[in-house]
Amino acid sequence: MNVVEQVQTKLKEEIKAAVLKAGLAEEAQIPDVVLELPKEKAHGDYATNMAMQLARIAKKPPRKIAEELVEQFDKGKASIEKIEIAGPGFINFYMNNRYLTDLIPTILQAGERYGESAIGNGQKVQVEFVSANPTGDLHLGHARGAAVGDSLCKVLAKAGYDVSREYYINDAGNQINNLALSVEARYFQALGVEKEMPADGYHGADIIGIGKRLVEEHGDKFVEIDEKERFETFRDYGLKYEMEKLKQDLESFRVGFDVWYSETSLYENGKIDEALAVLKEKGHIYDEDGATWFRSTPFGDDKDRVLIKQDGSYTYLLPDIAYHKDKLERGFEKLINIWGADHHGYIPRMRAAIQALGYDEDTLEVEIIQLVHLYKNGEKMKMSKRTGKAVTMRDLIDEVGLDATRYFFAMRSSDTHMDFDLDLAVSQSNDNPVYYAQYAHARICSILRQAEEAGLTVSDRADLSLVGAEKEVDLLKKLGEFPQAVAEAAEKRVPHRVPNYIFELASTFHSFYNAEKVLDLEEKERTAARLSLIKSVQITLQNALDLIGVSAPEKM
RNA sequence: GCGCCUUUAGCUCAGUUGGAUAGAGCAACGGCCUUCUAAGCCGUGUGUCAGAGGUUCGAAUCCUCUAAGGCGCGCCA
């Protein structure tokens with residue numbers, strides 16, 4: 001717990017104590033003490049709405065309650081300088097902010113660990129994201145999912161959750177057959193032979209590339225061989241090629257996974273049969289019309305779902321149930337799936353399956369990533385998977401830049417539809433907020449370099465009583481918010497809070513920078529104190545940027 | 001038809017657990033570089049929080065209904 005949290009805790013205790021002393025409510029009746037950070041500086045450093053909350057219990061007007069509370073307050077105890085009653089009954093606390101300087105040595109010592117908290121309590125969480133089919137290039141939606149998923153994982157880890165990142169490889173089923181047939185068609189075409197693409201084929205440029213590469217590596221040797229052998233060869237080759245490409249693309253997007261889980265493995269190790277057997281045993285399975293059904297409606301689904309089709313093959317759902325059963329058996333207490341908006345209709349049946357297996361439905365959380373629309377020349381770009389005319393994640397990184405792309409996706413709440421204006425992102429890249437934040441970091445690094453050249457070093461033993469100017473206090477307050485901002489982003493699964501925080505911190509720093517000079521050889525003590533302050537800002541900015549996979553450059 | 005998401009300034013979006021006068025960026029206008037990076041700072045203007053009811057001390061926020069847009073509703077994945 002850092003000083004800020006200590007002071008807040010103390011303040012809350014004092015508020016509660018004052019309620020009891022004033023005899024306004026019984027201990028059990030007291031609502032949770034709410035401390036707000038007022039938007040207006042004139043409203044003090046902290047405010048509480050306790051008087052309003054007690055209005056009904058104490059049966060008195062809020063302002064009267066507030067007066068009685070303030071009378072009981074022990075000011076000396078919680079760094080309180082002044083208390084005022086305002087508005088409908090807010091109690092505003094003006095703090096003696098001297099204690100905030102303790103943050104500086106805390107941050108300097110914590111270094112890259114600053115921002116950590118224990119709010120996650122070591123809970124074992126698994127986050128499954130991207131999981132794009134290995135049948136084409138990653139497109140915009142995947143990029144958004146990758147950015148959000150990666151940031152969420154980092155935020156969760158920093159907030160004290162035990163996180164495992166996983167990618168589910170759909171390497172079984174129809175789409176892989178279509179991949180093999182698509183590769184086959186492209187192979188023949190690369191040889192100059194007319195060959196039609198399959199009806200549900202994949203028209204991406206990557207598959208054309210596979211066809212060409214097969215010809216380069218093997219010539220026409222697959223033309224004459226047995227059709228089944230060719231199919232299997234092309235399927236395996238295509239899958240391997242696609243997976244390698246996926247991994248490379250994600251790596252270059254700074255997104256990594258702990259586990260790559262193969263759907264095929266579920267077929268091979270009997271986990272599908274096992275899952276089916278468990279459901280059957282619990283009475284959630286029946287046969288009808290020659291198919292095998294999962295009775296999901298008792299668990300809130302719209303209709304029951306087919307697991308095994310008339311032709312004996314499995315629907316997508318069955319291996320997916322087996323997969324989630326396996327996740328749960330691996331001991332995860334929380335499963336977070338990040339899915340594209342086009343899969344949201346799938347949520348009720350998956351949650352039904354979780355319950356049917358005997359787990360709490362809330363064990364599974366699904367975060368939906370809404371669609372991304374790309375605009376160019378002021379017009380919405382048409383994307384078609386069918387013709388392969390879609391902008392890929394790689395195109396986007398190449399055009400917009402890695403940091404800007406990551407920041408752009410991370411900064412928006414994932415449940416809103418997103419317009420990505422390519423012209424703006426590319427041509428006016430200086431206006432991109434990512435540069436604003438990185439610039440603050442680079443500026444600090446520049447000052448630190450010059451300090452070093454002048455023989456000054458950052459030390460946590462500087463005389464911090466010299467830190468107290470308005471802009472300095474603003475910075476300290478903002479620095480102190482970081483661990484709570486991360487914790488909240490983690491608990492609420494809203495990683496886009498992090499870019500919000502980054503922007504605020506950068507803004508506070510830029511403002512400070514223009515108001516106060518750090519390096520002043522006439523005033524070595526003050527300079528030392530300010531160096532330790534800006535070093536703290538640098539550390540915090542770097543840590544925050546790292547949470548969203550954006551670099552913190554030392555020069556720009 | 002049913003389900004989920006969205007609707008906040010000209011544009012793109014924040015808005016914390018229901019709090020005080022709803023905020024940023026972009027765009028517009030006016031200032032600030034002989035002084036640590038002007039990719040910056042300071043200032044000015046900007047609202048039917050889609051609409052209507054309800055809950056209450058208090059609603060952009062919670063509930064109900066309506067409208068608009070998106071996505072889904074398969075023995076596809």
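Below, chains carry the letters A, B, ... as their sequence lines are ordered, and counting in each starts from 1.
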### Query
Below 4.0 angstrom, N of the basic side chain to O of the carboxylate: do K245(A) and D206(A) qualify?
yes
### Message
Ring-plane angle category for F509(A) and F512(A), please: parallel below 30°, perpendicular beyond 60°, tilted otherwise.
### Response
tilted
### Residue D32(A) excluded, over 12 heavy atoms near CG under 6.0 Å
no
### Message
By the 4.0 Å heavy-atom rule, please label E36(A) as base, sugar-phosphate, or nothing.
### Response
base
### Task
Please confirm whether any donor atom in the side chain of H343(A) sits under 3.5 Å from an acceptor in the base of rG72(B), or the reverse.
no
### Summary
Side-chain atoms of N514(A) come closest, of rC75(B), rG40(B), rU16(B), to rG40(B)
#### Entry: Nucleotide nearest W293(A) when distance is taken to its side chain, options rC4(B), rC75(B), rA20(B)
rC75(B)
### Query
Using Watson-Crick and G-U wobble pairs whose two distances are both under 3.5 Å, how do you write the pairing of RNA chain B as dot-bracket, with | for links to another strand?
(((((((..((((.....[...)))).(((((.......))))).....(((((..]....))))))))))))....
### Message
Between the base of rG72(B) and the side chain of D342(A), is one N or O donor paired with an acceptor at under 3.5 angstrom?
### Response
no
### Message
At a heavy-atom distance below 4.0 Å, what parts of residues 529-542 of chain A sit against RNA chain B?
### Response
none
### Query
Between the base of rA20(B) and the side chain of N92(A), is there a donor-acceptor distance below 3.5 Å?
yes
### V391(A) side chain near F420(A) side chain, heavy-atom distance below 4.5 Å
no
### rC13(B) to rA27(B) separation - C1' atoms, rounded to the nearest Å
15 Å
### Query
Distance check: side-chain N/O of S511(A) vs OP1/OP2 of rC42(B), anything under 4.0 Å?
yes
### Basic-acidic side-chain contact under 4.0 Å: D474(A), K41(A)
yes
### Task
Can you figure out which of rU37(B), rC76(B), rU12(B) approaches the side chain of Q450(A) most closely?
rU37(B)
### Message
Please determine whether a side-chain nitrogen or oxygen atom of K303(A) lies at a distance below 4.0 Å from atom OP1 or OP2 of rC2(B).
### Response
no
### Query
Judged by atom type as modelled, is there a donor-acceptor pair below 3.5 Å linking the side chain of R497(A) to the main-chain atoms of A485(A)?
no
### Task
Consider the side chain of R349(A), meaning its heavy atoms from C-beta on, and name the nucleotide among rA39(B), rA77(B), rC36(B) that approaches it most closely.
rA77(B)
### Task
Could you say whether the aromatic ring of H344(A) and the base of rG72(B) stack, counting only centre distances under 5.5 Å and plane angles under 30°?
no
### Query
Any side-chain N or O of K60(A) under 4.0 Å from OP1/OP2 of rC57(B)?
no
### Lys NZ or Arg CZ of R406(A) over F408(A) ring: under 6.0 Å, within 45°
no
### Query
Do K16(A) and E13(A) sit within salt-bridge range, that is, some charged N less than 4.0 Å from a carboxylate O?
no
### Task
For A47(A), answer base if it contacts any base atom (sugar-phosphate contacts may also be present), sugar-phosphate if it contacts only those atoms, and nothing otherwise; contact means non-hydrogen atoms under 4.0 Å.
base
### Nearest-Å distance once atom C1' is located in both rG25(B) and rU8(B)
15 Å
### Message
Are the side chains of V366(A) and H344(A) in contact, using a 4.5 Å heavy-atom criterion?
### Response
no
### Task
With syn defined as a glycosidic angle within 90° of 0 and anti as everything else, classify rC33(B).
syn
### Query
When all nucleic acid strands are considered with a 4.0 Å heavy-atom cut-off, which category describes M418(A): base, sugar-phosphate, or nothing?
sugar-phosphate
### Query
Across the strands shown, which category fits E263(A) at heavy-atom distances under 4.0 angstrom: base, sugar-phosphate, nothing?
nothing
#### Entry: Which residue lies more 5' along RNA chain B, comparing E516(A) with Y316(A) via nearest heavy atoms
E516(A)
### Message
Would you call the rings of Y261(A) and Y323(A) parallel, tilted or perpendicular, taking 30° and 60° as the class edges?
### Response
tilted
### Task
Side chain of Q175(A) only, please: which of rA20(B), rA77(B), rC36(B) is the nearest?
rA77(B)
#### Entry: Any R443(A) side-chain nitrogen or oxygen under 4.0 Å from OP1 or OP2 of rA38(B)
yes
### Message
Assess whether a salt bridge exists between R530(A) and D520(A), defined as any Lys/Arg side-chain N lying under 4.0 Å from an Asp/Glu carboxylate O.
### Response
no
### Query
H417(A) side chain N/O closer than 4.0 Å to the phosphate oxygens (OP1, OP2) of rC4(B)?
no
### Task
Would you indicate, yes or no, if rG58(B) has its OP1 or OP2 atom less than 4.0 angstrom from a side-chain nitrogen or oxygen of Q53(A)?
no
#### Entry: Among rA77(B), rC71(B), rC36(B), the nucleotide that comes nearest once only the side chain of K309(A) is considered
rA77(B)
### Task
Output the single nucleotide from rG19(B), rC36(B), rC71(B) whose closest atom is nearest the side chain of L371(A).
rC71(B)
#### Entry: Y439(A) side chain near rA39(B) phosphate (N/O to OP1/OP2, under 4.0 Å)
yes
### Query
For the pair made of CG in D520(A) and P in rC36(B), what is the distance, rounded to whole Å?
13 Å
### Message
Which is more 5' along RNA chain B, the nucleotide nearest P38(A) or the one nearest G290(A)? Just name the residue.
### Response
P38(A)
### Query
Which part of the nucleic acid, if any, lies within contact of Y168(A), taking any heavy atom under 4.0 Å across all strands shown: a base, the sugar-phosphate backbone alone, or nothing?
nothing
### Query
Reckon T416(A) has a side-chain N or O less than 4.0 Å from the OP1 or OP2 of rA14(B)?
yes
### Message
What I want to check is whether the side chains of N174(A) and Y316(A) have a donor and an acceptor closer together than 3.5 Å.
### Response
no
### Message
With a 4.0 Å limit, can you tell me whether Y513(A) has a side-chain N or O closer than that to the phosphate oxygens OP1/OP2 of rA38(B)?
### Response
yes
### Message
Please report the distance separating the P of rU37(B) from the corresponding atom of rG45(B), rounded so that it comes out in whole Å.
### Response
34 Å
### Task
From the options rA39(B), rC75(B), rA14(B), select the nucleotide whose nearest atom is closest to the side chain of Y435(A).
rA39(B)
### Task
Answer with base, sugar-phosphate or nothing: what part of the nucleic acid does E554(A) contact at a heavy-atom distance below 4.0 Å?
base
### Query
Should the pair H139(A) and H142(A) be assigned to parallel (<30°), tilted (30 to 60°) or perpendicular (>60°) ring geometry?
tilted
### Message
With a cut-off of less than 4.0 Å, is there a side-chain N or O of Y436(A) near OP1 or OP2 of rA38(B)?
### Response
no
### Task
Respond yes when some side-chain nitrogen or oxygen of K39(A) is under 4.0 Å from OP1 or OP2 of rA20(B), and no when none is.
yes
### Summary
Looking only at rC13(B), rG25(B), rC36(B), the nucleotide nearest the R412(A) side chain is rC13(B)
### Query
When we call it a touch if two heavy atoms are under 4.0 Å apart, what does S413(A) touch: a base, just sugar-phosphate, or nothing?
sugar-phosphate
### Message
Between R497(A) and rG15(B), is there a contact of a side-chain N or O with OP1 or OP2 at under 4.0 Å?
### Response
yes
